[in-house]
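Before any comments, here is the structure.
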Amino acid sequence: EMADRIGVITNGEIIVVEPDGALRPGCFVLAQLDGEWLFRQLLPRGDGLWCLHALNPAWADLPLPDVAAVRGVVIQKSVPGRRRLAKRYL
């Protein structure tokens with residue numbers, strides 16, 4: 001599962017976002033809703049639609065009316081200056 005592969009993204013890490021990346025359940029995305037940019041995990045809902053799930057449990061899931069709001073998929077994360085700690089998701 002993508003969430004297991006990406007692990008926790010911590011403050012200071014660099015993420016690489018592919019604007020045309022393939023959307024898959026559990027992938028991490030940048031989305032634009034109501035003029036606001038969001039970094040969330042894309043999860044399927046039981047009704048065949050999608051929701052944006054926050055890494056912070058204090059934030060509620062947001063129903064996603066259309067995947068057109070997704071502007072890019074995280075394909076890599078890394079710690080600045082630490083090449084061995086880079087993880088790729090392609």
Side-chain angles (χ1 to χ4, degrees):
E1 182 173 304
M2 183 67 154
D4 295 333
R5 289 188 2 220
I6 200 165
V8 176
I9 296 174
T10 58
N11 190 24
E13 287 185 317
I14 297 170
I15 59 172
V16 177
V17 177
E18 172 64 45
D20 297 320
L23 297 177
R24 293 179 309 276
C27 66
F28 288 87
V29 299
L30 282 180
Q32 190 174 27
L33 281 178
D34 301 324
E36 184 177 353
W37 286 94
L38 303 168
F39 172 69
R40 302 280 174 105
Q41 186 178 22
L42 184 66
L43 295 176
R45 293 181 3 177
D47 56 7
L49 297 175
W50 297 90
C51 72
L52 294 174
H53 176 74
L55 297 175
N56 183 340
W59 294 91
D61 289 350
L62 295 174
L64 193 59
D66 188 328
V67 292
V70 175
R71 302 290 190 222
V73 177
V74 174
I75 60 168
Q76 180 180 343
K77 74 169 188 165
S78 63
V79 176
R82 308 275 315 264
R83 186 178 297 241
R84 279 188 245 163
L85 295 179
K87 300 200 184 272
R88 298 178 192 274
Y89 304 103
L90 288 179

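The figures here come from the full heavy-atom set of this structure, side chains too, leaving out hydrogens, waters and symmetry mates.
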Contact check, side chains of Leu23 and Val73, non-hydrogen atoms, under 4.5 Å: yes
According to the salt bridge (charged side-chain N to carboxylate O under 4.0 Å, His left out) rule, which pairs have a member within residues 33-46, sequence neighbours left out? Arg45-Asp47
With a 4.5 Å heavy-atom cut-off, do Ile15 and Phe39 have their side chains touching? yes
To the closest 0.5 Å, what do you measure between SG (Cys27) and CG (Leu43)? 9.0 Å
Can you find a pair of side-chain heavy atoms, one from Val70 and one from Leu30, that are under 4.5 Å apart? no
Would you be so kind as to tabulate the donor-acceptor pairs closer than 3.5 Å made by side chains of residues 48-65, with sequence neighbours excluded?
| from | atom 1 | to | atom 2 | distance (Å) |
| --- | --- | --- | --- | --- |
| His53 | ND1 | Asp61 | OD1 | 2.6 |
| Asn56 | OD1 | Ala58 | N | 2.8 |

Under 4.5 Å between side-chain heavy atoms, hopping through other hydrophobics if needed: is there a path connecting Val29 to Val67? yes
Side-chain contact, heavy-atom cut-off 4.5 Å: Val74 with Val16? no
Going by the rule salt bridge (Lys or Arg N to Asp or Glu O under 4.0 Å), which residues pair with Arg71 if we only count those two or more places apart in sequence or in a different chain? none
Backbone N/O of Gly26 and side chain of Gln41: donor-acceptor pair under 3.5 Å: yes
